[in-house]
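This structure is a prediction, so every number in the text was calculated from the model and none was measured.
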Amino acid sequence: MPREFKTILCPTDFSEGSQTAAEYALWFAKTCDATIVLAHSIHIQTEQLKDEDGHLLGFDQIKEKAQNELETLRDAVLEGYARCELEVEIGDPLEHLIEVAKRRNVDLIVTSTRERTGVGALLTASVAEKLLRHAPCPVFIVRNGVR
């Protein structure tokens, strides 16, 4: 018997694909009267270390910037859905998302994947693919470019 979706985890990297996944998460949440946990894992990359003027940011500033982007995503894509909670953490995205899924007793993860080709696809698996293998709950993956 399928489980009820009361808590839905929706990871985002703020890409177009993750916005599409957020739209699906919203549909699931409205259908099931569920809480959405919108999460961003800060895996330190060069563009995340600088502000708009090119100045280096501290960890607190990086987290604040990500929190603001999550709030914008919640308001714009999730239409300000009232039962939406935000999670920002610095570290490995897979570890963070698995930890959130376990701690929050998540019933469903809704995420997107990026299309990879060539050697890159053979050498590394995306976070979505790793979530599919390691998550403690079902994972709904939206293929990049599909609505």
Side-chain angles (χ1 to χ4, degrees), residues 1-50 56-79 81 83-147:
M1 166 152 276
R3 61 191 342 176
E4 280 190 62
F5 301 141
K6 291 299 177 193
T7 305
I8 299 168
L9 175 59
C10 184
T12 182
D13 62 1
F14 307 113
S15 67
E16 184 178 330
S18 65
Q19 287 184 13
T20 302
E23 292 169 0
Y24 277 93
L26 179 61
W27 182 86
F28 279 116
K30 285 181 174 180
T31 301
C32 301
D33 192 31
T35 297
I36 297 173
V37 178
L38 193 59
H40 177 69
S41 301
I42 301 170
H43 188 70
I44 303 300
Q45 299 170 350
T46 305
E47 66 271 9
Q48 291 177 313
L49 293 174
K50 297 181 180 180
L56 286 176
L57 299 172
F59 284 136
D60 290 339
Q61 293 170 307
I62 293 169
K63 285 181 83 168
E64 182 179 339
K65 180 181 173 186
Q67 183 76 22
N68 291 336
E69 289 183 60
L70 281 177
E71 291 170 4
T72 300
L73 181 63
R74 177 197 58 211
D75 296 344
V77 178
L78 298 180
E79 305 165 359
Y81 185 69
R83 295 183 62 198
C84 182
E85 299 169 12
L86 309 177
E87 289 259 352
V88 177
E89 192 57 58
I90 295 175
D92 179 81
L94 180 64
E95 289 176 13
H96 172 229
L97 297 171
I98 295 295
E99 185 272 326
V100 169
K102 289 178 180 177
R103 176 173 40 87
R104 299 297 307 271
N105 294 317
V106 167
D107 301 299
L108 176 69
I109 299 173
V110 179
T111 190
S112 64
T113 187
R114 296 181 185 198
E115 296 295 319
R116 294 182 181 193
T117 58
V119 176
L122 295 173
L123 296 178
T124 60
S126 72
V127 171
E129 292 166 321
K130 291 176 183 175
L131 275 173
L132 191 59
R133 289 194 304 263
H134 301 288
C137 61
V139 179
F140 182 87
I141 298 177
V142 179
R143 197 176 87 226
N144 192 25
V146 176
R147 287 214 174 253

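V127 approaches L97 most closely through the heavy-atom pair CG1-CD1, 4.0 Å. Smallest separation of non-hydrogen atoms from A22 and L78: O-CD2, 3.2 Å. Taking both residues in full, the closest heavy atoms of V110 and P11 are given as O-CD, 3.3 Å, listed atom of the first, atom of the second, then distance. Residues V88 and A66 approach most closely at CG1-CB, 3.8 Å, considering heavy atoms. Here the closest non-hydrogen pair linking E85 and T35 is OE2-CG2, 3.7 Å. Among all heavy-atom pairs drawn from A39 and L70, the shortest one is C-CD2, 4.4 Å.
In terms of the ring pair (Phe, Tyr, Trp, His ring centres under 6.0 Å) criterion, Y81 has no residue partners (sequence neighbours excluded). For N68, the side-chain contact (heavy atoms from CB on, under 4.5 Å) test picks out E64, E71, with sequence neighbours left out. Every residue two or more places apart in sequence or in another chain that forms a side-chain hydrogen bond (donor to acceptor under 3.5 Å, both in side chains) with E79 is listed here: K30. Listed by chain and number, the residues in a side-chain hydrogen bond (donor to acceptor under 3.5 Å, both in side chains) with E99 are R103 (sequence neighbours excluded). In this structure, the salt bridge (Lys or Arg N to Asp or Glu O under 4.0 Å) partners of R83, at least two apart in sequence or on a different chain, are D33. With sequence neighbours excluded, the residues forming a side-chain contact (heavy atoms from CB on, under 4.5 Å) with A101 are L9, V106, I109, P136, listed by chain and number. Not counting sequence neighbours, E89 has no partner by the side-chain hydrogen bond (donor to acceptor under 3.5 Å, both in side chains) test. For E95, the salt bridge (Lys or Arg N to Asp or Glu O under 4.0 Å) criterion is met by no residue, not counting sequence neighbours. K63 pairs by the side-chain hydrogen bond (donor to acceptor under 3.5 Å, both in side chains) definition with nothing, not counting sequence neighbours.
Paired with D13 under the rule side chain to side chain donor-acceptor pair (under 3.5 Å), one option of S41, S112, S18 passes, and it is S18.
Considering only heavy atoms from C-beta on, T7 stays 4.5 Å or farther from N105 through its side chain. Using a 4.5 Å heavy-atom cutoff, the side chains of E4 and D107 are not in contact.
Between F140 and F28, the ring-plane angle classifies as perpendicular under the 30° and 60° cut-offs.
From L131, atom CG reaches atom OG1 of T111 across 6.0 Å, with rounding to the nearest 0.5 Å. To the nearest 0.5 Å, atoms CD (E129) and NE2 (H134) are separated by 11.0 Å. Between atom CH2 of residue W27 and atom CD1 of residue I8 there is a gap of 9.5 Å, rounded to the nearest 0.5 Å.
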